[in-house]
Every structure is written in structure tokens, then in C-alpha cells.
Amino acid sequence: MLLKDRVAIVTGSGGGLGRSHALYLASKGAKVVVNDLAEAAAQGVVDEIVAAGGQAMAAVGSVTDVDAVQAMVDAAMQAWGRIDILINNAGILRDKSFAKMTMDDFRLVVDVHLMGAAICSKAVWEIMRAQDYGRIVMTTSSSGLYGNFGQANYGAAKLAQVG
Ligand SMILES: NC(=O)c1ccc[n+]([C@@H]2O[C@H](COP(=O)([O-])OP(=O)(O)OC[C@H]3O[C@@H](n4cnc5c(N)ncnc54)[C@H](O)[C@@H]3O)[C@@H](O)[C@H]2O)c1
């Protein structure tokens with residue numbers, strides 16, 4: 001798989017699986033937007049990619065923030081002129097039994113996983129349509145497909161991403 005001249009956004013890629021996705025895409029030649037809440041984490045992954053000879057930029061902000069997501073997409077378009085790949089990876093957990101779970105924690109998890117993925121997908125959609133090319137990856141979970149104790153919020157959000 002050669003991704004030279006492709007531009008990828010990986011949300012929540014300052015650490016964890018997203019960092020691995022970002023490093024992998026960059027190793028295949030893609031220019032990568034490293035999104036995360038924490039500037040130091042995002043910049044650290046950018047530095048790793050650049051040190052390995054790749055191209056990357058940091059985009060700090062929450063996937064739930066429509067304006068921040070739009071600014072990220074605008075910055076990528078200004079720098080590289082296209083967006084080919086979006087990996088909706090950003091995520092959080094607020095595990096608790098449903099009896100103890102607050103609705104605030106339920107809503108927060110749904111907001112980040114489901115609304116965050118929808119907001120980011122919407123922000124690149126017209127660009128991908130105009131290019132007649134685009135790939136969007138949703139990061140779901142077996143907790144969504146089968147359910148898991150303590151994860152009513154997470155499971156609901158993850159199965160919603162399948163939809
Ligand atoms: N680790 C697993 O076993 C596993 C299994 C199934 C699915 N997943 C999913 O894979 C994805 C990554 O999981 P992980 O284990 O690497 O998690 P992680 O906590 O290690 O990394 C998640 C990253 O997302 C960032 N993030 C959190 N909220 C954000 C927001 N609102 N906007 C932007 N960035 C945000 C965090 O700062 C962090 O860097 C998640 O969607 C998770 O639900 C993970």
C-alpha cells in the first residue's frame with residue numbers, strides 16, 4: 001500500500017492506537033494530521049513522524065468542537081490541498097455499572113465517540129465528494145457489538161458508529 005500524496009487525519013492520535021495509525025500511515029507516505037486534545041501529545045507524534053522523514057501537522061482540539069474540527073480541516077487543505085483519509089479514532093471511557101452511571105457521563109461518551117465521528121466525517125465529506133475519493137474509518141468495539149458490563153454508554157456509542 002503506497003499512500004504518497006495522500007492526506008490523512010487521525011483523531012485522538014497523540015497516543016494509543018491513534019498514534020500507531022498515524023505512524024503507520026506516515027510510513028506508507030501519507031501526510032498526516034495528528035489531532036488530539038493535548039498539544040504536547042500531538043506535537044510529540046508529529047515530531048516522531050518528521051524525524052522518520054515523513055510529513056505531519058498537529059491539530060489540537062476536541063472532535064466534539066465543530067469550530068476546532070473545521071479549523072483542522074481548513075489547515076490541512078491550506079497546507080496540502082486535499083483530504084483522502086479520516087480515521088475516527090478519538091475516544092474516552094467512563095465505565096460504571098448502569099445503576100451508578102450518571103447521564104452526564106453517558107452523554108459525554110456518546111458525544112465524543114458518536115458525535116465526534118459525525119462532526120469529523122461531515123467536515124471532510126464535501127471535500128471527498130469533490131475529489132471523488134475518500135476513505136473514512138470508524139473505530140468501533142466488541143463492546144458495541146455484544147455489550148459489556150460497565151459500558152452501557154460506550155457500547156451504545158460504539159454500536160451507533162456502525163449505523
Ligand atoms: N484499546 C482497546 O482495546 C480498544 C478496543 C476497541 C476499541 N477501541 C477504540 O479505539 C480508539 C482508541 O483507543 P485507545 O485504546 O488507543 O485509547 P487511548 O485512551 O489510549 O487514546 C485515545 C486518544 O484520544 C484522545 N482523545 C480523547 N478524547 C478526545 C477528543 N474529544 N478529541 C480529540 N482527541 C481525544 C486522547 O487524548 C487519547 O490520546 C477508541 O475509539 C477506543 O474506543 C480501543
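As the structure lists them, so they are numbered: ligands from 1, and atoms in each ligand from 1. Values below: every heavy atom of this structure, side chains too, minus hydrogens, waters and symmetry copies. Because the structure is a prediction, the values reported are computed rather than measured.
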Closest non-hydrogen protein atom to [atom], residue and atom name please, with distance?
atom                    : value
atom 32 (N) of ligand 1 : Val63 N, 3.1 Å
atom 31 (N) of ligand 1 : Ser62 OG, 3.0 Å
atom 16 (O) of ligand 1 : Leu17 N, 2.7 Å
atom 38 (C) of ligand 1 : Asp36 OD2, 3.6 Å
atom 20 (O) of ligand 1 : Gly16 CA, 3.6 Å

Check [X] against [Y] and note the closest heavy-atom contact, atom names and distance.
X      : Y      : value
Gly91  : His113 : CA-CE1, 3.3 Å
Ala56  : Val46  : O-CG1, 3.7 Å
Met101 : Lys96  : CE-O, 3.3 Å
Thr11  : Ala90  : OG1-N, 2.9 Å
Arg19  : Val45  : CG-CG2, 3.7 Å
Met128 : Ile85  : CE-N, 3.9 Å

(request) Flag the pair Leu93 / Asn153 as yes when at least one side-chain heavy-atom distance between them is below 4.5 Å, and no otherwise. (result) no

Interfacing atoms of ligand 1 (cut-off 4.0 Å, heavy-atom, [X]):
X      : result
Asn89  : 10 (O), 11 (C), 12 (C), 40 (C), 41 (O)
Asn35  : 33 (C), 34 (N)
Thr140 : 6 (C), 7 (C)
Tyr154 : 6 (C), 7 (C), 8 (N), 9 (C), 42 (C), 43 (O)
Gly15  : 39 (O)
Gly61  : 32 (N), 33 (C)

(message) Using the rule side chain to side chain contact (heavy atoms under 4.5 Å, CB included), only one of Leu86, Ile9, Ile87 pairs with Ile136; which is it?
(response) Leu86

(request) Between Ile92 and ligand 1, find which residue part has any heavy-atom pair under 4.0 Å and reply side chain, backbone, both or neither. (result) side chain

(message) With a heavy-atom distance limit of 4.0 Å, tell me whether Leu93 approaches ligand 1 through its side chain, its backbone, both, or neither.
(response) neither

(request) Take every heavy atom of Lys158, measure it against each atom of ligand 1, and state whether any distance is under 4.0 Å. (result) yes

(request) Mark the output for Thr139 as yes if a heavy-atom distance to ligand 1 is under 4.0 Å, and as no if none is. (result) yes

(request) Test Asn35 against Ser13 for side chain to side chain donor-acceptor pair (under 3.5 Å), laying out the working first. (result) CA-CA 6 Å; Asn35 157 260; Ser13 54; over 6 Å; no

(message) Test your reading of the model: is there a side-chain donor-acceptor pair from Ser97 to the backbone of Gly150, 3.5 Å cut-off?
(response) no

(request) Please say whether more than 12 non-hydrogen atoms of neighbouring residues, nucleotides or ligands are located less than 6.0 Å from OH in Tyr133. (result) yes

Could you tell me whether [atom] has at least one protein heavy atom nearer than 4.0 Å?
atom                    : result
atom 18 (P) of ligand 1 : no
atom 42 (C) of ligand 1 : yes
atom 3 (O) of ligand 1  : no

(message) Regarding atom 27 (C) of ligand 1: of the candidates Gly91, Ala59, Gly12, which has the closest heavy atom?
(response) Gly91

(request) Identify whether the distance between the nearest side-chain nitrogen and carboxylate oxygen of Arg107 and Asp105 falls below 4.0 Å. (result) no

